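Report on one structure; see the data block that follows.
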Amino acid sequence: MSGELSPIDTAKFVAAKRAVEFVEDGMRVGLGTGSTAAWMVRCLGELVREAGLTVTGVPTSSRTADLARQQGIKVVSLDEAKWLDLTIDGTDEFDADLCLIKGGGGVHLLEKIVATASDRMVVIADPSKSVDQLGAFPLPIEVIPFGWQTSKSLVEELLTSMDVLGQTTTLRMNGDRPFISDEGNYIIDLHLKRIGDPRRLSMVLNQIPGVVENGLFIDICDVVVVGHGDGRVEVSDINEGTFEEDRIEFVDTDNIFKDV
Ligand SMILES: O=C(CO)[C@H](O)[C@H](O)COP(=O)(O)O
């Protein structure tokens, strides 16, 4: 293993390295957002440059689009690609059913649209993302700026009848201004501590008109690849009911930091 990477970066890197093995020549691939997904974009870029792999990428954020282009990956919009073979993305939490909380980076709306338009979603994670029950990580909801305080109050009222442990809600900030998503919306974080019924919560949150989308991914993720700091990788496929262990022996980070 490389001595240059911290254990957490090694974990993210090996998960990403293993996940890009799912990508086949000619595939249209959804590219997630976040620090783990960035490793995946670099690993994919390396395959494009060094192994001649042909892929078309649909990024889930402007950040990922910039990185993908820098890595030599062809980038198109979702409507140009129409449908995707595969999406690879990070997560903030995943449970045993491969339900997720995403949106720590504020782009769960685009991530959910892209993952839902894919034959398969592969999630890459370090072990800290695995939870028995979702909810320790704040659940983001993207809301329309118009009447956002009213939408926030409606969400708070709704939470009183939900199976959750905490009910605090906060507007996500960027310094002294509200954080603005790529789509021009606000993000409200729900500090729920424990979510008893993620499926129901996801459905009812999206019934509030000002809520565009919540960060719960239910029945969307097919495979989770968990990397470890010592190079071990675990691959769980919920549809096949399989679990495999693997190891990435050698981490060569020189190639993946090359720009084209
Ligand atoms: O959902 C996301 C962005 O909206 C990210 O995938 C999630 O926040 C994980 O990020 P990281 O890999 O940096 O821990």
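Not measured: the values here are computed from a predicted model. Both ligands and their constituent atoms are indexed starting at 1 by order of listing. Side chains included, hydrogens not; waters and symmetry mates left out as well; all remaining heavy atoms used.
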Ligand-residue contact atoms, ligand 1 with Lys129, heavy atoms, under 4.0 Å:
9 (C), 11 (P), 12 (O), 14 (O)
Count the heavy atoms belonging to other residues, nucleotides or ligands that lie under 6.0 Å from CD of Glu156, then report whether that count exceeds 12.
yes
For ligand 1, which atoms have a heavy atom of Gly106 less than 4.0 angstrom away?
4 (O)
For Asp163, salt bridge (Lys or Arg N to Asp or Glu O under 4.0 Å) partners two or more places apart:
Arg194
Counting only heavy atoms closer than 4.0 Å, does ligand 1 sit against the backbone of Asp89, its side chain, both, or neither?
side chain
Ligand-side contact atoms (ligand 1) for residue partner Gly105, heavy atom cut-off under 4.0 Å:
3 (C), 4 (O), 8 (O)
So the atoms of ligand 1 within less than 4.0 Å of a heavy atom of Val107 turn out to be 3 (C), 4 (O)
Looking only at non-hydrogen atoms, which of Asp92, Ile8, Thr36 approaches atom 7 (C) of ligand 1 most closely?
Asp92
Does a donor on one side chain and an acceptor on the other come within less than 3.5 Å for Ser202 and Asn214?
yes
Measure the distances from the heavy atoms of Gly103 to every atom of ligand 1 and state whether one is below 4.0 angstrom.
yes
Numbering the atoms of ligand 1 from 1, which are under 4.0 Å from a heavy atom of Gly90?
6 (O)
Applying side-chain contact (heavy atoms from CB on, under 4.5 Å), can you list everything that pairs with Thr242, at least two apart in sequence or on another chain?
Asp237, Glu240
Would you say Trp148 and Asn185 make side-chain contact, with heavy atoms under 4.5 Å?
no
Looking at Lys102, which atoms of ligand 1 are within less than 4.0 Å of one of its heavy atoms?
1 (O), 2 (C), 5 (C), 6 (O)
Any chance you could lay out the salt bridge (charged side-chain N to carboxylate O under 4.0 Å, His left out) test for Arg18 and Glu244, step after step, and finish with the verdict?
CA-CA 12 Å; Arg18 177 63 181 82; Glu244 280 171 34; 3.5 Å; yes
Contact check: Gly34 vs ligand 1, nitrogen or oxygen atoms, below 3.5 angstrom:
no
Which atoms from ligand 1 have a heavy atom of Thr33 less than 4.0 Å away?
2 (C), 3 (C), 5 (C), 6 (O)
Evaluate the salt bridge (charged side-chain N to carboxylate O under 4.0 Å, His left out) criterion for residues Asp182 and Arg63: first the C-alpha distance (whole Å), next the side-chain angles of each, then the deciding distance (0.1 Å), finally the verdict.
CA-CA 10 Å; Asp182 273 6; Arg63 273 167 282 168; 5.6 Å; no
Is it the case that ligand 1 has an N or O less than 3.5 angstrom from some N or O of Ser35?
yes
Does a sphere of radius 6.0 Å around CD in Glu157 hold more than 12 heavy atoms from other residues, nucleotides or ligands, not counting ones at 6.0 Å or beyond?
no
